[in-house]
Amino acid sequence: MPSALESLGAAPATAGAVAALYGVAAMAGAQAVRRLAGRLGPVALIVTGGIQLTLAYAAAALHPSLATLTLTALLLGGGWAFLHSTVQAWATQVVPGARATGVAFFGVALYLGSALGTGLGSAAAQRGAFQGLFGMAAVLSLPLTALAAYGRHRYDSASRQERSRREAEPGPSDPRTDGAPHRG
């Protein structure tokens, strides 16, 4: 984003300040997620974050300016807090035997995606074609959000079914109390 701002004539200090707003929004978004998580649930948090990402990139693609890229930085920070943090927390909730593997795959996907995006977009960025890059990011945010929300929904449904199945099973037998009258 700083490079896009500088290509529009913004001073490096201005570009850096706008980029810093991403961090401010991520911190504020994290506080909002903490307050809303119990009421909304993880699927709604993922969708909320995905909407913020899509709107951020779409605004930057449609009309890049200091104002829209400032809005983009704020929405991206909020989107990170809602979507990324929720998916990251989900990665730590998997079965204990698979937790380390799940978190490792999450990290690999994050950094590999960042590296691929940078590599694939670098030529366009060098040409100053930031609108196209932002547009592509907006388009890619849609399936990312849909897949993350769908996956979390399926995970939650399977977890509820497993809990119901376990609750319906009879508990282990205890020969000391089986058939014995309750004394209380």
Side-chain angles (χ1 to χ4, degrees), residues 1-33 36 40 42-92 102-155:
M1 189 168 337
S3 298
L5 281 164
E6 288 183 46
S7 76
L8 296 172
T14 301
V18 171
L21 290 175
Y22 169 90
V24 172
M27 294 299 290
Q31 297 304 311
V33 167
L36 296 171
L40 295 181
V43 173
L45 293 174
I46 289 169
V47 171
T48 301
I51 289 169
Q52 290 177 70
L53 292 179
T54 304
L55 290 175
Y57 289 129
L62 293 173
H63 183 71
S65 68
L66 178 59
T68 56
L69 291 175
T70 299
L71 175 64
T72 296
L74 294 169
L75 286 170
L76 288 176
W80 176 270
F82 277 79
L83 184 120
H84 171 83
S85 300
T86 304
V87 174
Q88 183 177 18
W90 175 23
T92 66
V103 172
F105 276 129
F106 178 81
V108 167
L110 175 69
Y111 294 114
L112 185 59
S114 295
L116 283 172
T118 300
L120 294 172
S122 64
Q126 286 177 340
R127 291 190 313 274
F130 294 105
Q131 283 182 278
L133 290 173
F134 289 132
M136 182 59 68
V139 168
L140 292 173
S141 295
L142 295 169
L144 167 71
T145 302
L147 288 171
Y150 176 72
R152 183 57 201 239
H153 173 73
R154 281 188 49 111
Y155 175 81

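Only a predicted model underlies this, so the values are computations on that prediction, with no experimental measurement involved. Index from 1, following the sequence.
When every heavy atom of A125 is checked against every heavy atom of F130, the shortest pair comes out as O-CZ, 3.6 Å. L76 and M1 make their closest contact through CD1-CE, 3.7 Å (heavy atoms, listed as atom of the first residue, atom of the second, distance). Nearest heavy atom pair, residue L69 against residue V18, reads O-CG1, 3.7 Å. A138 approaches A58 most closely through the heavy-atom pair CB-N, 3.7 Å. The two residues I46 and L83 come nearest to each other via the heavy atoms O-CD1, 3.3 Å. Between E6 and A15, the shortest heavy-atom contact is CG-CB, 4.0 Å.
To the nearest 0.5 Å, the span separating OG1 on T68 from CG on L8 amounts to 8.0 Å. With rounding to the nearest 0.5 Å, the separation of CG in L53 from OG1 in T48 is 11.0 Å.
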Should F82 and I51 be marked as a side-chain contact (heavy atoms from CB on, under 4.5 Å) after you check the CA-CA gap, both sets of side-chain angles, and the distance that decides it?
CA-CA 10 Å; F82 277 79; I51 289 169; over 6 Å; no

Working note: H63 + F134, criterion ring pair (Phe, Tyr, Trp, His ring centres under 6.0 Å); need CA distance, chi angles, decisive distance, verdict.
CA-CA 10 Å; H63 183 71; F134 289 132; over 10 Å; no

Step-by-step side-chain contact (heavy atoms from CB on, under 4.5 Å) determination, L21 to T70
CA-CA 8 Å; L21 290 175; T70 299; 3.6 Å; yes

Could you go step by step and tell me if W80 and Y22 meet the side-chain contact (heavy atoms from CB on, under 4.5 Å) rule?
CA-CA 9 Å; W80 176 270; Y22 169 90; 3.4 Å; yes

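Side-chain contact between V103 and T92 is present, with at least one heavy-atom pair separated by less than 4.5 Å. Counting only heavy atoms from C-beta outward, the side chains of S141 and Y57 approach each other to under 4.5 Å. In this structure the side chain of L45 reaches within 4.5 angstrom of the side chain of V33, judged on heavy atoms.
Among residue pairs with one or both ends in residues 130-152, those qualifying as salt bridge (Lys or Arg N to Asp or Glu O under 4.0 Å) are R152-D156; sequence neighbours excluded. For residues 65-74, no pair satisfies salt bridge (Lys or Arg N to Asp or Glu O under 4.0 Å), with sequence neighbours left out.
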